Amino acid sequence: KRNPYLHLIYKNQLKEESFTVYQQEKCMVEKLAYPVLIASHIKPFFVSNEEEAYDPNNGILLSRNIDSLFDLGYITFEDDGSIKFSETEKLNQELKDFIGKYSLDNRFINEKRLTYLEYHRKEVFGKRYKYA
């Protein structure tokens with residue numbers, strides 16, 4: 001079960017990280033200031049231990065659309081931040097063309113996030129609804 005206080009701290013840390021880079025809160029992929037941004041876990045919350053669950057390196061600030069595709073395993077991010085599309089989960093080519101021009105801003109990529117992204121690629125990516 002989520003601890004509301006620790007989750008708020010986790011989300012605020014991601015917002016602060018975004019603010020430090022962009023001088024405002026923006027999606028770390030689309031670089032747009034949406035009115036609502038999701039503090040998305042890279043390694044899903046319910047399979048994370050307490051340290052991982054509230055580690056800001058296990059999170060990225062995303063728009064609702066990117067968050068949904070990421071959580072459901074339709075997309076993941078390579079180590080260079082580029083978006084990779086699942087071959088098992090078919091997405092419309094128009095959507096792929098549109099989203100494919102974005103990438104996770106490399107200013108948010110660090111060693112700990114790379115470890116979580118590796119987990120996402122192996123355990124979440126291409127496995128729709130496994131953790132959703």
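Keep in mind that this is a model prediction, so the values were computed, not measured. When reading the values below, keep in mind they use all heavy atoms of this one structure, side chains included, and skip hydrogens, waters and symmetry mates.
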* Flag if over 12 foreign heavy atoms under 6.0 Å of CD, Gln93 -> yes

* Heavy-atom closest contact (Leu14 atom, Pro56 atom, distance) -> CD2-O, 3.3 Å

* Not counting sequence neighbours, which residues clear ring pair (Phe, Tyr, Trp, His ring centres under 6.0 Å) with Phe70? List them please. => Phe77, His120

* **Asn58 side chain vs Lys43 backbone, donor-acceptor pair below 3.5 Å** => yes

* Ser68: side chain to side chain donor-acceptor pair (under 3.5 Å) partners, not counting sequence neighbours -> none

* Qualifying salt bridge (charged side-chain N to carboxylate O under 4.0 Å, His left out) pairs, either residue in residues 92-107, two or more places apart -> Asp105-Arg107

* Quick one: side chain to side chain donor-acceptor pair (under 3.5 Å) partners of Asp79, sequence neighbours excluded? -> Arg121

* To do: Quick one: list whatever passes side chain to side chain donor-acceptor pair (under 3.5 Å) with Lys11, sequence neighbours left out.
  => none

* To the nearest 0.5 angstrom, please state how far the CD atom of Glu25 sits from the OG atom of Ser18. => 6.5 Å

* To do: For Glu118, check salt bridge (Lys or Arg N to Asp or Glu O under 4.0 Å) against everything at least two apart and list the hits.
  => Lys122

* Asked: Between atom CZ of Phe45 and atom CD of Glu50, what is the distance when rounded to the nearest 0.5 Å?
  -> 8.5 Å

* With sequence neighbours left out, write down each residue that passes side chain to side chain donor-acceptor pair (under 3.5 Å) with Asn110, or none if nothing qualifies. => Asn57

* Structure fact -> Tyr116 meets the ring pair (Phe, Tyr, Trp, His ring centres under 6.0 Å) criterion, sequence neighbours left out, with none

* Asked: Does atom CD of Gln24 have more than 12 heavy-atom neighbours, drawn from other residues, nucleotides or ligands, at distances under 6.0 Å?
  -> yes

* To do: Report the C-alpha distance between Val29 and Ile83 in whole Å, list the side-chain angles of each, state the deciding distance to 0.1 Å, and finish with yes or no for side-chain contact (heavy atoms from CB on, under 4.5 Å).
  => CA-CA 9 Å; Val29 173; Ile83 293 177; 4.2 Å; yes

* Any chain of hydrophobic side-chain contacts (each under 4.5 Å) joining Phe125 to Leu69? -> no

* Asked: What distance separates Ile66 CD1 from Leu37 CG, expressed to the nearest 0.5 Å?
  -> 11.5 Å

* To do: Each residue besides Leu8 in its hydrophobic cluster should be listed here, by chain and number; the cluster joins Ile, Leu, Val, Met, Phe, Trp and Tyr at side-chain heavy-atom distances under 4.5 Å.
  => none

* Polar side-chain atom of Ser40 near backbone of Asp67 as donor-acceptor pair, under 3.5 Å -> no

* Enter the distance from Leu91:CG to Ser86:OG here, rounded to the nearest 0.5 Å. => 7.5 Å

* In the hydrophobic clustering (ILVMFWY, side-chain contacts below 4.5 Å, transitive), which residues join Ile38, or is it alone? -> Val36

* Please collect all side chain to side chain donor-acceptor pair (under 3.5 Å) contacts where either partner lies in residues 28-38, sequence neighbours excluded, each pair once. => Glu30-Tyr34, Glu30-Ser63

* Heavy atoms, side chains only, cut-off 4.5 Å: are Ile109 and Leu104 in contact? -> yes

* **Pair listing, ring-ring contact (aromatic ring centres under 6.0 Å, His included) test, anchored in residues 5-29, at least two apart** => His7-Tyr10, Tyr10-His41, Tyr22-Phe108

* Would you sort out whether Arg113 and Ile60 count as a side-chain contact (heavy atoms from CB on, under 4.5 Å), showing the intermediate values? => CA-CA 9 Å; Arg113 277 207 178 103; Ile60 43 182; 4.0 Å; yes

* Between Asp80 and Ser103, is any pair of side-chain heavy atoms under 4.5 Å apart? -> no

* Asked: Taking atom CD of Glu16 and atom CG of Leu61, what is their separation to the nearest 0.5 Å?
  -> 11.5 Å

* For atom CZ of Arg2, is the number of surrounding heavy atoms from other residues, nucleotides or ligands below 6.0 Å larger than 12? -> yes

* To do: Treating Ile, Leu, Val, Met, Phe, Trp and Tyr as nodes and any side-chain heavy-atom pair under 4.5 angstrom as an edge, say whether Ile42 and Ile75 lie in one connected cluster.
  => yes

* To do: Measure the CG-NZ distance between Leu117 and Lys112 for me, rounded to the nearest 0.5 Å.
  => 13.0 Å

* Of all heavy-atom pairs between Glu51 and Asn49, which one has the smallest distance, and what is that distance? -> N-OD1, 3.0 Å

